[in-house]
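See below for the structure under consideration.
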Amino acid sequence: MKPIKLYLKNNYNLYMNNYKELKVWQKSMELVEIVYKLTSTFPKEEKYGLTSQIQRSSISIPSNIAEGAGRNSDKEFRNFLGVANGSSNELSTQLILAIRIGYTNESDMEYIFNLLSEIQKMIFSLIKKFSNL
């Protein structure tokens with residue numbers, strides 16, 4: 001897949017239909033799939049509690065990236081990236097709680113936390129890029 005230009009100044013071509021080509025969106029979709037598989041092993045009584053919260057915060061990341069890409073300005077896109085970043089921190093907190101209460105363990109979570117960290121760095125880079133315009 002060839003890389004997409006992040007921003008073309010004076011030629012408003014801001015992602016609109018290309019958000020699926022953004023690596024940060026692709027990686028966050030991978031994260032959602034892994035999180036859903038992980039939470040399927042949680043106790044059934046958590047279905048409407050921690051399981052639901054973890055699933056919602058994980059899907060919020062790529063959803064906000066996609067929604068922001070479809071907005072009308074750089075500022076709006078940057079704001080949605082900020083929401084996606086907030087959701088990534090929320091997810092991290094909830095996953096730490098899942099470890100602390102024994103629903104999973106740190107070694108099983110290593111890949112997820114590494115992927116989440118990579119996504120957060122990518123989001124931060126995009127926020128920074130759009131803040132300098």
Side-chain angles (χ1 to χ4, degrees):
M1 181 183 315
K2 69 181 189 179
I4 181 174
K5 290 186 179 180
L6 290 179
Y7 180 76
L8 302 175
K9 198 169 186 174
N10 299 326
N11 184 6
Y12 198 72
N13 186 18
L14 222 167
Y15 309 113
M16 295 294 276
N17 298 312
N18 295 325
Y19 69 89
K20 293 177 198 159
E21 294 180 36
L22 291 170
K23 261 207 180 311
V24 67
W25 182 85
Q26 294 168 1
K27 287 189 175 288
S28 57
M29 288 295 288
E30 176 188 351
L31 177 67
V32 173
E33 291 175 40
I34 294 168
V35 163
Y36 267 74
K37 289 175 186 168
L38 169 73
T39 56
S40 71
T41 67
F42 286 9
K44 296 300 175 207
E45 62 268 14
E46 283 293 344
K47 183 176 182 179
Y48 301 108
L50 188 58
T51 298
S52 175
Q53 285 290 101
I54 288 174
Q55 290 173 344
R56 284 185 287 151
S57 60
S58 70
I59 194 62
S60 179
I61 300 167
S63 296
N64 277 290
I65 292 167
E67 185 172 357
R71 292 298 176 134
N72 295 321
S73 71
D74 297 343
K75 184 178 178 184
E76 285 182 292
F77 186 45
R78 189 176 61 240
N79 287 339
F80 278 92
L81 290 170
V83 173
N85 192 52
S87 295
S88 72
N89 287 318
E90 182 181 357
L91 176 60
S92 178
T93 298
Q94 294 159 352
L95 293 173
I96 291 168
L97 178 60
I99 293 168
R100 290 175 71 162
I101 60 178
Y103 292 166
T104 188
N105 61 59
E106 286 187 51
S107 61
D108 290 343
M109 299 297 290
E110 186 176 351
Y111 181 78
I112 292 174
F113 281 123
N114 288 338
L115 181 58
L116 185 56
S117 177
E118 184 180 1
I119 290 165
Q120 289 172 324
K121 288 174 186 171
M122 294 170 87
I123 291 171
F124 181 74
S125 286
L126 279 172
I127 290 171
K128 190 174 175 184
K129 181 172 185 65
F130 281 91
S131 296
N132 293 332
L133 299 177

Check the hydrophobic clustering (I, L, V, M, F, W, Y; side-chain heavy atoms under 4.5 Å; chains of links allowed) and say if V35 and L97 are grouped together. yes

Atom pair CD1 (I119) and CG (L31), whose distance is rounded to the nearest 0.5 Å: 4.5 Å

Residues in side chain to side chain contact (heavy atoms under 4.5 Å, CB included) with Y111, at least two apart? E30, I34, L115

Partner residues of K75 under the side chain to side chain contact (heavy atoms under 4.5 Å, CB included) criterion, sequence neighbours left out: S73, R78, N79

Taking salt bridge (Lys or Arg N to Asp or Glu O under 4.0 Å) as the cut-off, I'd like each qualifying pair that reaches into residues 92-119, sequence neighbours left out, listed once. K27-E118

Please set out all donor-acceptor pairs under 3.5 angstrom arising from side-chain atoms of residues 58-68, sequence neighbours excluded.
| unit_1 | atom_1 | unit_2 | atom_2 | d |
| --- | --- | --- | --- | --- |
| S58 | OG | I54 | O | 3.4 |
| S58 | OG | Q55 | O | 2.8 |
| S60 | OG | N64 | ND2 | 2.9 |
| S60 | OG | S87 | OG | 2.8 |
| S63 | OG | I59 | O | 2.7 |
| N64 | ND2 | S60 | O | 2.8 |
| E67 | OE2 | R71 | NH2 | 2.6 |

Measure the CG-OG distance between L126 and S131 for me, rounded to the nearest 0.5 Å. 10.5 Å

Nearest heavy-atom approach of Y19 to A69 is CB-CB, 3.8 Å

Below 4.5 Å, heavy atoms only, C-beta onward: do R56 and E90 meet side chain to side chain? no

As an exercise, state the distance from CD1 of I127 to CE of M122, rounded to the nearest 0.5 Å. 13.0 Å

Working to the nearest 0.5 Å, report the span between CG of L81 and NZ of K129. 12.5 Å

List the atom pairs, donor and acceptor, that lie under 3.5 Å between side-chain atoms in residues 41-49 and the rest of the protein, sequence neighbours left out.
| unit_1 | atom_1 | unit_2 | atom_2 | d |
| --- | --- | --- | --- | --- |
| T41 | OG1 | L38 | O | 2.6 |
| E46 | OE1 | L50 | N | 2.8 |
| E46 | OE2 | Y103 | OH | 3.0 |

For F124, is the CZ atom crowded, meaning more than 12 foreign heavy atoms sit under 6.0 Å from it? no

Return the set of residues passing side-chain hydrogen bond (donor to acceptor under 3.5 Å, both in side chains) with Q120 (not counting sequence neighbours), or none when no residue passes. S88, N89

Salt bridge (Lys or Arg N to Asp or Glu O under 4.0 Å) pairs, two or more places apart, involving residues 79-89: none

Partner set under side chain to side chain contact (heavy atoms under 4.5 Å, CB included) for S92, not counting sequence neighbours: I96, F113, L116

Do V24 and F80 belong together in a cluster built from hydrophobic side chains that touch within less than 4.5 Å? no

How would you list, by chain and number, every residue that makes a side-chain hydrogen bond (donor to acceptor under 3.5 Å, both in side chains) with T93, sequence neighbours excluded? none

